[in-house]
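Below you'll find the structure, written out as structure tokens, and then a few comments.
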2 protein chains.
Amino acid sequence: MDDSEICLSFLVRQAWLNMRSAVDDALAPHGLSVAQYATLLVLDEQPGASIADVARVVASTRQSANELLAGMERAGLVERRPHSRDRRTQELNLTALGRQRLKAAKPSVHAREGELEAALDARERAAARTWLAHMARAGHLP
Amino acid sequence: MDDSEICLSFLVRQAWLNMRSAVDDALAPHGLSVAQYATLLVLDEQPGASIADVARVVASTRQSANELLAGMERAGLVERRPHSRDRRTQELNLTALGRQRLKAAKPSVHAREGELEAALDARERAAARTWLAHMARAGHLP
DNA sequence: GATAGATTGACAGGTTCCTGACGAGTATTT
DNA sequence: AAATACTCGTCAGGAACCTGTCAATCTATC
């Protein structure tokens with residue numbers, strides 16, 4: 001295939017774009033964007049996290065996370081209240097609605113992703129995962 | 001394994017973000033952005049392509065490609081002239097400068113990418129490539 | 001304790017990319 | 001030949017994200 005000439009980065013980009021739109025489609029019926037879904041995932045695993053925490057986990061910036069969370073608060077998905085000990089930060093927590101939406105959306109996302117890689121065998125899937133995990137982390141050590 | 005809990009898409013996103021910044025660093029000395037480099041690659045392989053062609057290959061839109069190409073024309077990297085047969089479209093071609101920049105930058109990009117996945121063996125790299133190629137194409141059938 | 005350094009959330013401004021629409025030109029159908 | 005349906009490049013406007021900066025606050029060192 002002619003993809004051998006093309007840069008490896010662009011192959012990763014195409015894969016990401018394609019998966020993103022697939023997940024977006026799966027998320028649309030639940031009224032969530034991909035970024036919002038990611039934020040819900042983070043806050044479900046780390047309740048009480050700060051805006052900066054969320055930004056770090058999703059590899060974004062404090063500002064982007066701030067704007068995103070403002071919208072999510074307006075939608076009643078999350079709740080921000082002052083931190084008990086650190087007066088700079090805010091504690092972020094899922095609301096009941098946020099938890100419910102996440103619980104409802106998660107199977108759809110997993111199903112859509114599984115559907116995409118259904119044609120590949122377990123060995124390739126596992127190898128891809130280790131490859132991706134490495135590429136996501138490589139270059140941060142020096 | 002905490003990777004099983006996290007969404008697969010986000011792993012791909014992180015890998016793409018990481019590779020993108022690495023390639024960006026490799027490209028900076030040559031005065032090129034990632035998008036410009038991609039466009040140079042496309043026009044080197046398909047001389048005389050139109051704006052819409054470029055947009056299709058890099059999975060972007062005509063408008064984005066148009067803006068990008070306007071800047072590259074200003075920088076003297078590409079040249080746009082009216083198509084000989086179709087009066088709607090423009091023929092895009094690399095200038096001598098564009099070809100020279102591409103030739104100079106390509107080894108840097110390949111070196112940086114190879115450096116990133118240096119710790120992985122050939123089997124994993126090959127499996128990742130087929131996985132990525134599949135994920136970049138899956139879901140276009142319906 | 002006091003002071004320097006780092007961190008948090010917010011504001012302004014800019015970049016990049018996208019959606020939607022338009023006129024001009026081409027391809028396809030009747 | 002005429003009408004319809006595409007496709008082309010481009011303009012207007014907006015969404016998403018980033019950098020740079022700021023005061024307020026916490027942490028660490030002297």
Side-chain angles (χ1 to χ4, degrees), chain A residues 9-10 13-14 16-18 20-21 23-25 27-28 31-39 42-43 46 48-75 78-93, chain B residues 9-10 13-14 16-18 20-21 23-25 27-28 31-39 42-43 46 48-75 78-93:
Chain A
S9 311
F10 298 146
R13 175 175 176 268
Q14 307 262 18
W16 158 239
L17 252 36
N18 198 26
R20 180 196 164 90
S21 83
V23 172
D24 222 351
D25 290 347
L27 243 25
L32 291 174
S33 75
V34 177
Q36 287 175 336
Y37 177 74
T39 304
V42 172
L43 290 181
Q46 303 180 20
S50 69
I51 296 182
D53 289 334
V54 174
R56 266 188 292 268
V57 173
V58 302
S60 176
T61 62
R62 297 194 301 267
Q63 294 72 7
S64 300
N66 197 0
E67 297 171 15
L68 187 65
L69 283 162
M72 293 177 70
E73 187 188 23
R74 230 176 293 122
V78 303
E79 137 189 287
R80 17 174 25 173
R81 56 182 170 195
H83 196 284
S84 46
R85 311 188 47 187
D86 192 333
R87 274 180 296 179
R88 296 172 298 182
T89 71
Q90 303 174 346
E91 280 185 0
L92 297 168
N93 283 291
Chain B
S9 312
F10 299 146
R13 175 175 175 267
Q14 307 262 16
W16 157 239
L17 252 34
N18 198 26
R20 180 196 163 90
S21 82
V23 172
D24 221 351
D25 290 347
L27 242 27
L32 291 174
S33 76
V34 177
Q36 288 175 336
Y37 177 73
T39 305
V42 172
L43 290 181
Q46 303 180 19
S50 70
I51 296 183
D53 289 334
V54 173
R56 264 188 293 268
V57 174
V58 303
S60 177
T61 61
R62 299 195 299 268
Q63 295 74 5
S64 300
N66 196 2
E67 298 172 14
L68 187 65
L69 284 162
M72 293 177 70
E73 187 187 24
R74 231 175 292 124
V78 303
E79 139 188 287
R80 17 175 23 174
R81 56 182 171 196
H83 195 285
S84 46
R85 314 188 46 188
D86 192 332
R87 272 180 298 177
R88 296 172 297 181
T89 71
Q90 303 174 343
E91 279 184 0
L92 298 167
N93 283 292

What's the [atom1]-[atom2] distance between [X] and [N], to the nearest Å?
X     : N      : atom1 : atom2 : value
B:D53 : D:dT7  : CG    : P     : 12 Å
A:Q90 : D:dT25 : CD    : P     : 13 Å
B:L92 : D:dG9  : CG    : C1'   : 11 Å
A:Q36 : D:dA16 : CD    : C1'   : 12 Å
A:R20 : D:dC17 : CZ    : C1'   : 11 Å
B:E73 : D:dG9  : CD    : C1'   : 13 Å
B:L68 : C:dC18 : CG    : C1'   : 14 Å
B:L69 : C:dT16 : CG    : P     : 14 Å

For the side chain of [X], counting heavy atoms from C-beta on, which of [options] is nearest?
X     : options               : result
B:T61 : C:dT19, C:dG9, C:dT26 : C:dT19
B:D86 : D:dG9, C:dT26, D:dT25 : C:dT26
A:I51 : C:dG9, D:dT10, C:dG25 : C:dG9
B:R88 : C:dC11, C:dG25, C:dT8 : C:dG25
B:S60 : D:dT7, D:dC18, C:dC18 : C:dC18
B:R62 : D:dC8, C:dA6, D:dC17  : D:dC8
B:T89 : D:dC8, D:dT21, D:dC26 : D:dC8

So, is [X] close to the [N] phosphate, meaning a side-chain N or O under 4.0 Å from OP1 or OP2?
X     : N      : answer
A:R80 : C:dA10 : yes
B:R87 : C:dT26 : yes
B:N66 : D:dG9  : no
B:R85 : D:dC8  : no

Worksheet item: Of A:E67 and B:S64, whose nearest nucleotide on DNA chain C comes first from the 5' end?
Response: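 That would be A:E67.
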
Worksheet item: Are A:R80 and A:N66 side-chain neighbours, meaning at least one heavy-atom pair lies under 4.5 Å?
Response: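 They are in contact (side-chain heavy atoms under 4.5 Å apart), so the answer is yes.
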
Worksheet item: Quick one: are B:Q46 and B:V57 in side-chain contact, heavy atoms under 4.5 Å?
Response: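 Yes, at least one pair of side-chain atoms sits under 4.5 Å.
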
Discussion item. Any donor-acceptor pair, under 3.5 Å, between the side chain of B:Q63 and the base of C:dG20, if you only look at N and O atoms?
Written reply: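 Check passes, donor-acceptor contact within cut-off.
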
Discussion item. If we ignore hydrogens and angles and just use 3.5 Å, is the side chain of A:R13 paired with the main-chain N or O of B:R20 as donor and acceptor?
Written reply: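 Checking the backbone N and O of B:R20 against the side chain of A:R13, no donor-acceptor pair under 3.5 Å is found.
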
Worksheet item: Roughly how far apart are A:R74 CZ and A:L69 CG, rounded to 0.5 Å?
Response: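 Taking CZ in A:R74 and CG in A:L69, the distance rounds to 11.0 Å.
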
Practice prompt. Determine whether the side chains of B:S50 and B:D53 contain a donor N or O and an acceptor N or O closer than 3.5 Å.
Written response: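 Distance-only check passes for B:S50 and B:D53.
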
Fill in: Partner of A:H83 by side chain to side chain contact (heavy atoms under 4.5 Å, CB included), out of A:R81, A:R85, A:R87
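Between A:H83 and the candidates, side chain to side chain contact (heavy atoms under 4.5 Å, CB included) is satisfied uniquely by A:R85.
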
